[in-house]
Protein chains: 2
Amino acid sequence: MAKVEFNIACSLCEHLKDSLFNGLSPEDLSRINNHKTCVQYKKGQNIFYEGTRPTGLYCMNAGKVKVYKNNVQGKEFIIYIAKPGDFLGYRALLSEEFYQATATVLEDAKICFIPKENFFEVLQKNPAFMKRVVKAVCHEMGIMEDKLAELAHKSVRERLAANLLMLKETYGMEGEGSSLIDLALSREDLASIVGTATETVIRLLSDFKSDGLIAFEGKKIRVLDAKKLARQADLIVA
Amino acid sequence: MAKVEFNIACSLCEHLKDSLFNGLSPEDLSRINNHKTCVQYKKGQNIFYEGTRPTGLYCMNAGKVKVYKNNVQGKEFIIYIAKPGDFLGYRALLSEEFYQATATVLEDAKICFIPKENFFEVLQKNPAFMKRVVKAVCHEMGIMEDKLAELAHKSVRERLAANLLMLKETYGMEGEGSSLIDLALSREDLASIVGTATETVIRLLSDFKSDGLIAFEGKKIRVLDAKKLARQADLIVA
DNA sequence: GCCTGAACCTGACAAAAGTCATCTTTTTGC
DNA sequence: GCAAAAAGATGACTTTTGTCAGGTTCAGGC
(Lines give C-alpha, C1' and ligand atoms only; values in the text may rest on other atoms or scores of the structure.)
Protein backbone atom coordinates (compact mmCIF):
# COMPACT_ATOMS: atom_id res chain seq x y z
CA MET A 1 0.00 0.00 0.00
CA ALA A 2 2.86 2.39 -0.72
CA LYS A 3 1.77 5.85 -1.71
CA VAL A 4 2.52 6.61 -5.31
CA GLU A 5 3.16 10.22 -6.13
CA PHE A 6 2.36 11.86 -9.40
CA ASN A 7 2.29 15.42 -10.57
CA ILE A 8 0.11 17.57 -12.74
CA ALA A 9 0.33 21.34 -12.83
CA CYS A 10 -2.87 22.89 -11.44
CA SER A 11 -3.01 25.20 -14.44
CA LEU A 12 -3.14 22.17 -16.73
CA CYS A 13 -5.51 20.11 -14.61
CA GLU A 14 -8.51 19.06 -16.68
CA HIS A 15 -10.80 19.59 -13.68
CA LEU A 16 -9.70 23.14 -12.97
CA LYS A 17 -12.73 24.50 -14.79
CA ASP A 18 -15.10 22.57 -12.45
CA SER A 19 -13.16 23.52 -9.36
CA LEU A 20 -13.36 26.38 -6.89
CA PHE A 21 -9.78 27.19 -7.91
CA ASN A 22 -11.13 28.23 -11.28
CA GLY A 23 -10.74 31.99 -11.60
CA LEU A 24 -7.70 32.22 -9.38
CA SER A 25 -4.94 34.51 -10.63
CA PRO A 26 -1.90 32.78 -12.17
CA GLU A 27 0.18 33.78 -9.16
CA ASP A 28 -2.32 32.38 -6.67
CA LEU A 29 -2.71 29.20 -8.66
CA SER A 30 1.02 28.72 -8.81
CA ARG A 31 1.26 29.32 -5.08
CA ILE A 32 -1.15 26.41 -4.66
CA ASN A 33 0.63 24.38 -7.29
CA ASN A 34 4.10 24.87 -5.84
CA HIS A 35 3.14 23.54 -2.45
CA LYS A 36 0.86 20.68 -3.34
CA THR A 37 1.64 16.98 -3.11
CA CYS A 38 -0.23 14.60 -5.38
CA VAL A 39 -0.78 10.98 -4.46
CA GLN A 40 -2.42 7.98 -6.10
CA TYR A 41 -4.65 5.90 -3.86
CA LYS A 42 -6.07 2.43 -4.35
CA LYS A 43 -9.63 1.40 -3.62
CA GLY A 44 -10.10 0.91 0.11
CA GLN A 45 -7.34 3.28 1.22
CA ASN A 46 -8.21 6.02 3.67
CA ILE A 47 -7.54 9.69 3.03
CA PHE A 48 -8.33 10.95 6.52
CA TYR A 49 -9.90 9.66 9.71
CA GLU A 50 -12.66 10.88 11.99
CA GLY A 51 -11.16 12.45 15.11
CA THR A 52 -7.89 13.60 13.56
CA ARG A 53 -6.76 17.15 12.89
CA PRO A 54 -6.82 18.50 9.33
CA THR A 55 -3.48 19.75 8.07
CA GLY A 56 -4.57 20.85 4.65
CA LEU A 57 -7.04 20.55 1.85
CA TYR A 58 -7.50 17.62 -0.53
CA CYS A 59 -8.41 18.27 -4.13
CA MET A 60 -9.67 15.39 -6.24
CA ASN A 61 -8.04 14.80 -9.60
CA ALA A 62 -9.39 11.33 -10.38
CA GLY A 63 -11.49 8.56 -8.83
CA LYS A 64 -14.25 8.60 -6.22
CA VAL A 65 -14.05 8.94 -2.45
CA LYS A 66 -16.77 8.36 0.14
CA VAL A 67 -16.93 10.56 3.23
CA TYR A 68 -18.81 8.87 6.05
CA LYS A 69 -19.46 8.64 9.75
CA ASN A 70 -19.52 5.42 11.73
CA ASN A 71 -22.11 4.97 14.43
CA VAL A 72 -21.75 3.02 17.66
CA GLN A 73 -22.74 -0.28 16.04
CA GLY A 74 -20.29 0.30 13.23
CA LYS A 75 -22.95 1.26 10.70
CA GLU A 76 -21.80 3.75 8.13
CA PHE A 77 -23.61 6.82 7.00
CA ILE A 78 -22.24 8.33 3.80
CA ILE A 79 -22.38 12.12 3.86
CA TYR A 80 -20.83 12.79 0.52
CA ILE A 81 -19.17 11.15 -2.45
CA ALA A 82 -16.38 13.25 -3.89
CA LYS A 83 -15.55 13.24 -7.59
CA PRO A 84 -12.78 14.88 -9.66
CA GLY A 85 -12.72 18.63 -9.18
CA ASP A 86 -14.17 18.43 -5.66
CA PHE A 87 -12.52 19.61 -2.48
CA LEU A 88 -12.25 17.10 0.33
CA GLY A 89 -12.03 17.83 4.03
CA TYR A 90 -12.63 21.56 3.73
CA ARG A 91 -15.38 21.65 6.33
CA ALA A 92 -13.20 20.65 9.28
CA LEU A 93 -10.33 22.74 7.93
CA LEU A 94 -12.42 25.91 7.74
CA SER A 95 -14.22 25.37 11.04
CA GLU A 96 -10.86 24.64 12.68
CA GLU A 97 -12.16 21.40 14.17
CA PHE A 98 -11.15 17.76 14.01
CA TYR A 99 -12.46 15.69 11.15
CA GLN A 100 -15.93 14.42 12.01
CA ALA A 101 -15.93 11.87 9.24
CA THR A 102 -13.65 9.40 7.53
CA ALA A 103 -12.76 9.45 3.84
CA THR A 104 -12.14 6.19 1.98
CA VAL A 105 -11.40 5.60 -1.68
CA LEU A 106 -14.26 3.95 -3.59
CA GLU A 107 -12.55 3.91 -6.98
CA ASP A 108 -8.80 4.28 -7.50
CA ALA A 109 -8.04 7.95 -7.04
CA LYS A 110 -5.53 10.70 -7.63
CA ILE A 111 -5.71 13.36 -4.96
CA CYS A 112 -3.64 16.50 -4.41
CA PHE A 113 -2.94 17.82 -0.94
CA ILE A 114 -2.49 21.53 -0.27
CA PRO A 115 -1.00 22.42 3.13
CA LYS A 116 -3.38 24.59 5.11
CA GLU A 117 -0.94 27.53 5.39
CA ASN A 118 -0.84 27.91 1.64
CA PHE A 119 -4.55 27.47 1.21
CA PHE A 120 -5.35 29.99 3.93
CA GLU A 121 -2.82 32.41 2.46
CA VAL A 122 -4.58 32.41 -0.90
CA LEU A 123 -7.95 32.55 0.81
CA GLN A 124 -7.02 35.54 2.90
CA LYS A 125 -5.43 37.50 0.08
CA ASN A 126 -8.24 36.93 -2.29
CA PRO A 127 -11.68 38.12 -1.16
CA ALA A 128 -13.31 37.00 -4.41
CA PHE A 129 -12.03 33.44 -3.89
CA MET A 130 -13.15 33.55 -0.27
CA LYS A 131 -16.58 34.65 -1.43
CA ARG A 132 -16.79 31.77 -3.89
CA VAL A 133 -15.85 29.35 -1.11
CA VAL A 134 -18.51 30.79 1.19
CA LYS A 135 -21.07 30.55 -1.56
CA ALA A 136 -20.18 26.93 -2.26
CA VAL A 137 -20.25 25.99 1.41
CA CYS A 138 -23.64 27.61 1.90
CA HIS A 139 -24.98 25.90 -1.19
CA GLU A 140 -23.77 22.58 0.19
CA MET A 141 -25.54 23.39 3.42
CA GLY A 142 -28.80 23.84 1.54
CA ILE A 143 -28.38 20.37 0.09
CA MET A 144 -27.88 19.02 3.57
CA GLU A 145 -31.05 20.73 4.76
CA ASP A 146 -32.93 18.98 1.99
CA LYS A 147 -31.43 15.66 3.00
CA LEU A 148 -32.42 16.21 6.61
CA ALA A 149 -36.03 16.86 5.71
CA GLU A 150 -36.02 13.89 3.35
CA LEU A 151 -34.59 11.58 5.97
CA ALA A 152 -37.09 12.80 8.52
CA HIS A 153 -40.27 12.30 6.57
CA LYS A 154 -39.81 10.11 3.54
CA SER A 155 -40.02 6.32 3.40
CA VAL A 156 -37.02 4.21 2.49
CA ARG A 157 -38.52 3.52 -0.94
CA GLU A 158 -38.88 7.23 -1.63
CA ARG A 159 -35.40 7.96 -0.37
CA LEU A 160 -33.83 5.23 -2.47
CA ALA A 161 -35.59 6.51 -5.58
CA ALA A 162 -34.57 10.08 -4.78
CA ASN A 163 -30.96 9.08 -4.21
CA LEU A 164 -30.78 7.10 -7.42
CA LEU A 165 -31.98 10.19 -9.26
CA MET A 166 -29.44 12.32 -7.42
CA LEU A 167 -26.64 9.89 -8.30
CA LYS A 168 -27.83 9.92 -11.89
CA GLU A 169 -27.61 13.74 -11.94
CA THR A 170 -24.12 13.78 -10.47
CA TYR A 171 -22.47 10.68 -11.95
CA GLY A 172 -24.77 9.88 -14.84
CA MET A 173 -23.48 9.04 -18.30
CA GLU A 174 -26.34 9.84 -20.62
CA GLY A 175 -27.39 7.34 -23.25
CA GLU A 176 -30.47 7.28 -25.46
CA GLY A 177 -33.40 7.44 -23.08
CA SER A 178 -31.39 6.03 -20.22
CA SER A 179 -28.46 6.98 -18.06
CA LEU A 180 -25.76 4.89 -16.43
CA ILE A 181 -24.69 5.81 -12.91
CA ASP A 182 -20.93 5.72 -13.27
CA LEU A 183 -20.14 4.64 -9.74
CA ALA A 184 -19.25 1.15 -8.55
CA LEU A 185 -21.32 1.19 -5.39
CA SER A 186 -21.95 -1.91 -3.31
CA ARG A 187 -25.46 -2.51 -1.99
CA GLU A 188 -24.02 -1.81 1.43
CA ASP A 189 -22.69 1.59 0.36
CA LEU A 190 -26.01 2.44 -1.24
CA ALA A 191 -27.73 1.52 2.01
CA SER A 192 -25.31 3.85 3.83
CA ILE A 193 -26.27 6.68 1.50
CA VAL A 194 -30.01 6.12 1.87
CA GLY A 195 -29.82 5.44 5.59
CA THR A 196 -31.28 1.95 5.75
CA ALA A 197 -30.34 -1.74 5.94
CA THR A 198 -28.55 -3.50 3.10
CA GLU A 199 -31.32 -6.10 2.78
CA THR A 200 -33.92 -3.37 2.32
CA VAL A 201 -31.92 -1.80 -0.50
CA ILE A 202 -31.56 -5.16 -2.22
CA ARG A 203 -35.29 -5.80 -2.04
CA LEU A 204 -36.25 -2.34 -3.27
CA LEU A 205 -33.71 -2.40 -6.09
CA SER A 206 -35.16 -5.65 -7.34
CA ASP A 207 -38.63 -4.09 -7.12
CA PHE A 208 -37.47 -1.15 -9.20
CA LYS A 209 -35.84 -3.55 -11.62
CA SER A 210 -38.94 -5.67 -12.13
CA ASP A 211 -40.96 -2.48 -12.63
CA GLY A 212 -38.55 -1.54 -15.41
CA LEU A 213 -37.26 1.58 -13.69
CA ILE A 214 -33.65 0.48 -13.52
CA ALA A 215 -31.32 -2.21 -14.82
CA PHE A 216 -28.05 -3.62 -13.55
CA GLU A 217 -24.94 -3.36 -15.67
CA GLY A 218 -22.07 -5.11 -13.95
CA LYS A 219 -21.64 -3.33 -10.63
CA LYS A 220 -23.40 -0.27 -11.92
CA ILE A 221 -27.00 0.81 -12.15
CA ARG A 222 -28.70 2.14 -15.26
CA VAL A 223 -31.71 4.41 -14.82
CA LEU A 224 -34.22 3.39 -17.47
CA ASP A 225 -37.23 5.48 -16.50
CA ALA A 226 -36.30 8.59 -14.57
CA LYS A 227 -39.85 9.90 -14.69
CA LYS A 228 -41.36 6.86 -12.98
CA LEU A 229 -38.48 6.85 -10.55
CA ALA A 230 -39.28 10.45 -9.70
CA ARG A 231 -42.84 9.44 -9.03
CA GLN A 232 -41.55 6.84 -6.58
CA ALA A 233 -39.43 9.51 -4.93
CA ASP A 234 -42.29 11.89 -4.35
CA LEU A 235 -44.97 11.34 -1.79
CA ILE A 236 -48.33 9.82 -2.73
CA VAL A 237 -48.68 9.32 -6.46
CA ALA A 238 -51.37 11.73 -7.59
CA MET B 1 -50.51 42.20 12.93
CA ALA B 2 -48.93 45.59 12.32
CA LYS B 3 -45.19 45.58 12.54
CA VAL B 4 -43.91 47.51 15.50
CA GLU B 5 -40.50 49.09 15.09
CA PHE B 6 -38.02 49.62 17.86
CA ASN B 7 -34.40 50.64 17.96
CA ILE B 8 -31.32 49.63 19.86
CA ALA B 9 -27.81 50.66 18.86
CA CYS B 10 -25.81 47.59 17.83
CA SER B 11 -22.94 48.77 20.01
CA LEU B 12 -25.24 48.69 23.01
CA CYS B 13 -26.99 45.43 22.14
CA GLU B 14 -26.70 43.00 25.01
CA HIS B 15 -26.24 40.12 22.56
CA LEU B 16 -23.37 41.67 20.65
CA LYS B 17 -20.87 39.61 22.64
CA ASP B 18 -22.56 36.35 21.52
CA SER B 19 -22.87 37.48 17.94
CA LEU B 20 -20.68 37.17 14.88
CA PHE B 21 -20.67 40.98 14.81
CA ASN B 22 -18.58 40.87 17.96
CA GLY B 23 -15.08 42.12 17.12
CA LEU B 24 -16.18 44.41 14.32
CA SER B 25 -14.51 47.82 14.23
CA PRO B 26 -16.65 50.72 15.50
CA GLU B 27 -16.92 52.05 11.93
CA ASP B 28 -18.11 48.72 10.56
CA LEU B 29 -20.53 48.25 13.41
CA SER B 30 -21.98 51.69 12.86
CA ARG B 31 -22.30 50.97 9.15
CA ILE B 32 -24.47 48.01 10.10
CA ASN B 33 -26.26 50.01 12.74
CA ASN B 34 -27.06 52.94 10.49
CA HIS B 35 -28.80 50.81 7.92
CA LYS B 36 -30.67 48.33 10.05
CA THR B 37 -34.40 48.24 10.70
CA CYS B 38 -35.61 46.62 13.90
CA VAL B 39 -39.06 45.11 14.18
CA GLN B 40 -41.05 43.41 16.92
CA TYR B 41 -42.88 40.26 15.90
CA LYS B 42 -45.62 38.35 17.67
CA LYS B 43 -45.76 34.58 18.03
CA GLY B 44 -46.91 33.00 14.80
CA GLN B 45 -45.70 35.77 12.48
CA ASN B 46 -43.44 34.83 9.61
CA ILE B 47 -40.04 36.39 9.04
CA PHE B 48 -39.43 34.92 5.60
CA TYR B 49 -40.91 32.31 3.32
CA GLU B 50 -39.53 29.32 1.44
CA GLY B 51 -39.15 30.14 -2.23
CA THR B 52 -38.62 33.90 -1.83
CA ARG B 53 -35.46 35.88 -2.45
CA PRO B 54 -33.40 37.11 0.50
CA THR B 55 -32.87 40.85 0.60
CA GLY B 56 -30.78 41.01 3.71
CA LEU B 57 -29.76 39.44 6.97
CA TYR B 58 -31.86 39.08 10.11
CA CYS B 59 -30.21 39.37 13.49
CA MET B 60 -32.11 38.19 16.56
CA ASN B 61 -32.36 40.55 19.50
CA ALA B 62 -35.08 38.80 21.51
CA GLY B 63 -37.43 35.81 21.30
CA LYS B 64 -37.22 32.50 19.45
CA VAL B 65 -37.78 31.69 15.80
CA LYS B 66 -38.13 28.30 14.13
CA VAL B 67 -36.72 27.72 10.66
CA TYR B 68 -38.42 24.83 8.91
CA LYS B 69 -39.28 23.12 5.67
CA ASN B 70 -42.72 21.85 4.75
CA ASN B 71 -43.03 18.57 2.92
CA VAL B 72 -45.68 17.59 0.40
CA GLN B 73 -48.13 16.44 3.05
CA GLY B 74 -47.64 19.65 5.00
CA LYS B 75 -45.46 18.06 7.64
CA GLU B 76 -42.87 20.37 9.08
CA PHE B 77 -39.25 19.62 9.67
CA ILE B 78 -37.50 22.12 11.92
CA ILE B 79 -33.93 22.75 10.83
CA TYR B 80 -32.98 25.29 13.42
CA ILE B 81 -34.31 27.34 16.30
CA ALA B 82 -32.80 30.81 16.43
CA LYS B 83 -32.21 32.61 19.71
CA PRO B 84 -30.98 36.12 20.57
CA GLY B 85 -27.57 36.82 19.06
CA ASP B 86 -28.15 34.43 16.15
CA PHE B 87 -28.21 35.33 12.48
CA LEU B 88 -31.23 34.26 10.51
CA GLY B 89 -31.44 33.59 6.80
CA TYR B 90 -27.72 33.88 6.16
CA ARG B 91 -27.46 30.58 4.29
CA ALA B 92 -29.62 31.57 1.34
CA LEU B 93 -28.16 35.08 1.39
CA LEU B 94 -24.57 33.82 1.14
CA SER B 95 -25.31 31.10 -1.39
CA GLU B 96 -27.28 33.63 -3.47
CA GLU B 97 -30.29 31.32 -3.67
CA PHE B 98 -33.93 31.58 -2.71
CA TYR B 99 -34.88 30.74 0.84
CA GLN B 100 -35.31 26.98 1.14
CA ALA B 101 -37.09 27.24 4.46
CA THR B 102 -39.65 29.35 6.25
CA ALA B 103 -39.03 31.24 9.49
CA THR B 104 -41.85 31.65 12.01
CA VAL B 105 -41.79 33.26 15.43
CA LEU B 106 -42.14 30.78 18.31
CA GLU B 107 -41.89 33.33 21.12
CA ASP B 108 -42.45 37.07 20.67
CA ALA B 109 -39.32 38.39 19.04
CA LYS B 110 -37.31 41.49 18.26
CA ILE B 111 -35.36 41.12 15.06
CA CYS B 112 -33.10 43.56 13.22
CA PHE B 113 -32.84 43.51 9.45
CA ILE B 114 -29.63 44.50 7.67
CA PRO B 115 -29.95 45.11 3.91
CA LYS B 116 -27.71 42.78 1.97
CA GLU B 117 -25.68 45.58 0.35
CA ASN B 118 -24.51 46.82 3.72
CA PHE B 119 -23.86 43.36 5.07
CA PHE B 120 -21.84 42.37 2.00
CA GLU B 121 -19.95 45.66 2.13
CA VAL B 122 -18.74 44.96 5.65
CA LEU B 123 -18.07 41.34 4.78
CA GLN B 124 -15.97 42.24 1.77
CA LYS B 125 -13.95 44.93 3.49
CA ASN B 126 -13.20 42.84 6.47
CA PRO B 127 -11.40 39.53 5.86
CA ALA B 128 -11.30 38.71 9.57
CA PHE B 129 -15.08 39.02 9.78
CA MET B 130 -15.47 36.97 6.63
CA LYS B 131 -13.27 34.30 8.16
CA ARG B 132 -15.37 34.20 11.32
CA VAL B 133 -18.50 33.81 9.20
CA VAL B 134 -16.93 30.96 7.21
CA LYS B 135 -15.85 29.28 10.41
CA ALA B 136 -19.33 29.57 11.90
CA VAL B 137 -20.99 28.29 8.75
CA CYS B 138 -18.66 25.29 8.59
CA HIS B 139 -19.22 24.56 12.25
CA GLU B 140 -22.96 24.64 11.62
CA MET B 141 -22.42 22.23 8.77
CA GLY B 142 -20.70 19.80 11.12
CA ILE B 143 -23.76 19.88 13.36
CA MET B 144 -25.93 19.08 10.37
CA GLU B 145 -23.72 16.13 9.46
CA ASP B 146 -24.23 14.79 12.97
CA LYS B 147 -27.97 15.24 12.63
CA LEU B 148 -27.99 13.40 9.32
CA ALA B 149 -26.20 10.39 10.77
CA GLU B 150 -28.48 10.48 13.81
CA LEU B 151 -31.61 10.60 11.69
CA ALA B 152 -30.34 7.77 9.52
CA HIS B 153 -29.53 5.24 12.17
CA LYS B 154 -31.04 6.09 15.55
CA SER B 155 -34.49 5.14 16.80
CA VAL B 156 -37.07 7.80 17.58
CA ARG B 157 -36.59 7.20 21.30
CA GLU B 158 -32.86 7.84 20.98
CA ARG B 159 -33.39 10.89 18.82
CA LEU B 160 -35.91 12.40 21.21
CA ALA B 161 -33.55 11.88 24.15
CA ALA B 162 -30.64 13.34 22.17
CA ASN B 163 -32.68 16.35 21.11
CA LEU B 164 -33.88 17.03 24.64
CA LEU B 165 -30.25 17.07 25.74
CA MET B 166 -29.34 19.34 22.86
CA LEU B 167 -32.18 21.73 23.74
CA LYS B 168 -31.03 21.65 27.36
CA GLU B 169 -27.51 22.64 26.30
CA THR B 170 -28.75 25.48 24.14
CA TYR B 171 -31.75 26.82 26.01
CA GLY B 172 -31.25 25.33 29.47
CA MET B 173 -31.62 27.37 32.64
CA GLU B 174 -29.59 25.48 35.22
CA GLY B 175 -31.08 24.74 38.63
CA GLU B 176 -29.80 22.46 41.38
CA GLY B 177 -29.39 19.08 39.76
CA SER B 178 -31.89 19.87 37.02
CA SER B 179 -32.27 22.20 34.10
CA LEU B 180 -35.32 23.86 32.57
CA ILE B 181 -35.50 24.03 28.79
CA ASP B 182 -36.52 27.66 28.30
CA LEU B 183 -38.54 27.15 25.15
CA ALA B 184 -42.30 26.95 24.83
CA LEU B 185 -42.42 24.10 22.32
CA SER B 186 -45.61 22.30 21.39
CA ARG B 187 -45.51 18.52 21.11
CA GLU B 188 -46.00 19.03 17.41
CA ASP B 189 -42.93 21.27 17.14
CA LEU B 190 -40.89 18.79 19.13
CA ALA B 191 -42.01 16.08 16.72
CA SER B 192 -40.88 18.32 13.85
CA ILE B 193 -37.45 18.65 15.43
CA VAL B 194 -37.05 14.93 16.06
CA GLY B 195 -38.58 13.93 12.73
CA THR B 196 -41.47 11.80 13.90
CA ALA B 197 -45.23 11.86 14.56
CA THR B 198 -46.74 13.99 17.32
CA GLU B 199 -48.34 10.94 18.97
CA THR B 200 -44.99 9.20 19.19
CA VAL B 201 -43.44 12.20 20.93
CA ILE B 202 -46.31 12.34 23.41
CA ARG B 203 -45.94 8.67 24.24
CA LEU B 204 -42.17 8.81 24.61
CA LEU B 205 -42.27 11.98 26.71
CA SER B 206 -44.68 10.33 29.11
CA ASP B 207 -42.34 7.32 29.24
CA PHE B 208 -39.43 9.60 30.09
CA LYS B 209 -41.58 11.34 32.66
CA SER B 210 -42.63 8.14 34.42
CA ASP B 211 -38.99 7.05 34.44
CA GLY B 212 -38.14 10.28 36.24
CA LEU B 213 -35.92 11.61 33.46
CA ILE B 214 -37.96 14.75 32.81
CA ALA B 215 -40.83 16.75 34.29
CA PHE B 216 -43.31 19.17 32.77
CA GLU B 217 -43.43 22.76 33.98
CA GLY B 218 -46.23 24.58 32.24
CA LYS B 219 -45.40 24.37 28.53
CA LYS B 220 -41.75 23.74 29.28
CA ILE B 221 -39.74 20.63 29.98
CA ARG B 222 -37.36 20.21 32.89
CA VAL B 223 -34.51 17.72 32.50
CA LEU B 224 -34.22 15.91 35.82
CA ASP B 225 -31.67 13.24 34.99
CA ALA B 226 -29.43 14.20 32.11
CA LYS B 227 -27.22 11.16 32.64
CA LYS B 228 -30.05 8.64 32.24
CA LEU B 229 -31.36 10.66 29.32
CA ALA B 230 -27.94 10.39 27.71
CA ARG B 231 -28.08 6.66 28.14
CA GLN B 232 -31.43 6.67 26.31
CA ALA B 233 -29.85 8.73 23.55
CA ASP B 234 -27.01 6.33 22.97
CA LEU B 235 -27.44 3.00 21.31
CA ILE B 236 -27.93 -0.17 23.33
CA VAL B 237 -27.37 0.39 27.03
CA ALA B 238 -24.19 -1.45 27.92
C1' DG C 1 -8.37 -23.29 -11.80
C1' DC C 2 -9.59 -23.59 -7.21
C1' DC C 3 -10.39 -21.97 -2.71
C1' DT C 4 -11.97 -18.52 0.39
C1' DG C 5 -14.21 -14.66 1.67
C1' DA C 6 -17.04 -11.05 0.38
C1' DA C 7 -21.03 -9.53 -1.78
C1' DC C 8 -25.58 -10.52 -2.97
C1' DC C 9 -30.12 -12.42 -2.34
C1' DT C 10 -34.38 -14.49 -0.04
C1' DG C 11 -37.62 -15.75 3.58
C1' DA C 12 -39.49 -15.55 8.18
C1' DC C 13 -40.23 -12.96 11.87
C1' DA C 14 -40.32 -9.17 15.32
C1' DA C 15 -40.13 -4.57 16.61
C1' DA C 16 -40.77 0.15 15.79
C1' DA C 17 -43.38 3.67 14.46
C1' DG C 18 -47.15 5.71 11.72
C1' DT C 19 -52.15 6.36 11.22
C1' DC C 20 -56.74 6.97 12.63
C1' DA C 21 -60.28 7.65 15.77
C1' DT C 22 -61.75 9.39 19.97
C1' DC C 23 -61.57 11.83 24.10
C1' DT C 24 -59.85 15.31 27.50
C1' DT C 25 -57.60 19.45 28.70
C1' DT C 26 -55.93 23.91 27.80
C1' DT C 27 -55.81 28.16 25.35
C1' DT C 28 -57.65 31.90 22.90
C1' DG C 29 -60.74 35.21 20.95
C1' DC C 30 -64.77 37.71 21.61
C1' DG D 1 -66.55 34.05 31.23
C1' DC D 2 -67.83 31.25 27.61
C1' DA D 3 -67.60 28.93 23.28
C1' DA D 4 -64.66 27.29 19.85
C1' DA D 5 -60.40 25.80 18.57
C1' DA D 6 -56.07 24.01 19.44
C1' DA D 7 -53.13 21.05 21.95
C1' DG D 8 -52.47 16.98 24.45
C1' DA D 9 -53.38 12.16 25.45
C1' DT D 10 -54.66 7.25 24.70
C1' DG D 11 -56.00 2.93 22.40
C1' DA D 12 -56.33 -0.13 18.39
C1' DC D 13 -54.52 -1.32 14.38
C1' DT D 14 -51.47 -1.52 10.19
C1' DT D 15 -47.46 -0.89 7.74
C1' DT D 16 -42.79 -0.42 7.29
C1' DT D 17 -38.49 -1.72 8.14
C1' DG D 18 -34.87 -4.01 10.68
C1' DT D 19 -32.86 -8.38 12.13
C1' DC D 20 -31.47 -12.98 11.77
C1' DA D 21 -30.60 -17.05 9.43
C1' DG D 22 -29.81 -19.38 5.53
C1' DG D 23 -28.61 -19.62 1.00
C1' DT D 24 -26.08 -18.49 -3.80
C1' DT D 25 -22.96 -16.15 -6.72
C1' DC D 26 -18.92 -13.62 -7.67
C1' DA D 27 -14.12 -12.05 -7.48
C1' DG D 28 -9.39 -12.07 -6.07
C1' DG D 29 -5.19 -14.44 -4.45
C1' DC D 30 -2.39 -18.38 -4.77
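Lettering of chains follows the sequences in order, A, B, ..., and the numbering in each one begins at 1. For the numbers below, each heavy atom of this structure counts, side chains included, while hydrogens, waters and symmetry mates do not.
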Residues forming a ring pair (Phe, Tyr, Trp, His ring centres under 6.0 Å) with A/Phe48, sequence neighbours excluded: A/Tyr58, A/Tyr99
Under a 4.0 Å heavy-atom criterion, the protein footprint on nucleotides 8-17 of chain D, written with B, S and -, is SBBBB----S
Output yes when B/Lys83 and B/Asp18 qualify as a salt bridge under the 4.0 Å nitrogen-oxygen rule, no when they do not. no
Applying ring pair (Phe, Tyr, Trp, His ring centres under 6.0 Å), can you list everything that pairs with B/Phe87, at least two apart in sequence or on another chain? B/Phe21
Quick one: closest heavy-atom pair of B/Asp225 and B/Gly212, and the distance? CB-O, 4.1 Å
Interatomic distance, CD@B/Glu217 vs CG@B/Asp182, rounded to 0.5 Å, equals 11.0 Å
Tell me the bend of the helix from C/dG1-D/dC30 to C/dC30-D/dG1 as the angle between end helix axes, each from five pairs, rounded to the nearest 10 degrees. 60°
Can you find a pair of side-chain heavy atoms, one from B/Ile214 and one from B/Leu224, that are under 4.5 Å apart? no
Along DNA chain C, 5' to 3', what are the outermost nucleotides having an atom less than 4.0 Å from a heavy atom of chain A? C/dA7 to C/dA12
Could you tell me whether A/Glu145 and B/Arg91 make a salt bridge, using a distance below 4.0 angstrom between a side-chain N and a carboxylate O? yes
May I ask you to decide whether A/Lys228 forms a salt bridge with A/Asp211, counting only side-chain N to carboxylate O separations under 4.0 Å? no
According to salt bridge (Lys or Arg N to Asp or Glu O under 4.0 Å), who are the partners of A/Asp108, at least two apart in sequence or on a separate chain? A/Lys42
Beyond-backbone contact of B/Leu167 with B/Leu185, side-chain heavy atoms, under 4.5 angstrom: yes
